[in-house]
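Notes to accompany the following structure.
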Amino acid sequence: MAEFISIALLLLGVIALCQPFAKPIFTNGLHLLFWGWLGLNIFSHRKPVR
């Protein structure tokens, strides 16, 4: 589940960086990308819980 949230953050970050309409959304796009990337790296390398 956490991997899906991280992927969603990555996608939202890319969308936020590509939109030209709102500057606050654009400035937060890099933060979304960073937290999505960090979460995906952490949660994709964990062993599954049995």
Side-chain angles (χ1 to χ4, degrees):
M1 181 70 184
E3 287 182 32
F4 295 123
I5 294 171
S6 298
I7 292 170
L9 283 176
L10 284 169
L11 290 174
L12 285 174
V14 169
I15 291 169
L17 286 176
C18 291
Q19 62 85 28
F21 305 113
K23 187 165 173 75
I25 296 173
F26 176 78
T27 56
N28 289 325
L30 190 60
H31 296 274
L32 289 173
L33 275 176
F34 172 73
W35 290 112
W37 170 77
L38 186 66
L40 191 62
N41 277 326
I42 291 171
F43 292 118
S44 67
H45 288 95
R46 286 187 356 191
K47 292 183 179 176
V49 179
R50 294 191 180 234

> When hydrophobic residues are tied together by side-chain contacts of less than 4.5 Å, even through go-betweens, does Ile7 share a cluster with Phe34?
Replying inline: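 Yes, Ile7 and Phe34 fall within the same hydrophobic cluster.
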Which donor-acceptor pairs under 3.5 Å do the side chains of residues 10-28 make with protein atoms, sequence neighbours left out?
residue: Gln19; atom: OE1; partner: Phe21; partner atom: N; Å: 2.9
residue: Gln19; atom: OE1; partner: Ala22; partner atom: N; Å: 3.0
residue: Gln19; atom: NE2; partner: Ala22; partner atom: O; Å: 2.8
residue: Thr27; atom: OG1; partner: Lys23; partner atom: O; Å: 3.3
residue: Thr27; atom: OG1; partner: Pro24; partner atom: O; Å: 2.9
residue: Asn28; atom: ND2; partner: Pro24; partner atom: O; Å: 3.2

Enumerate donor-acceptor pairs with a distance under 3.5 Å from any side-chain N or O in residues 37-44 to protein atoms, sequence neighbours excluded.
residue: Asn41; atom: ND2; partner: Trp37; partner atom: O; Å: 3.4
residue: Ser44; atom: OG; partner: Leu40; partner atom: O; Å: 2.6

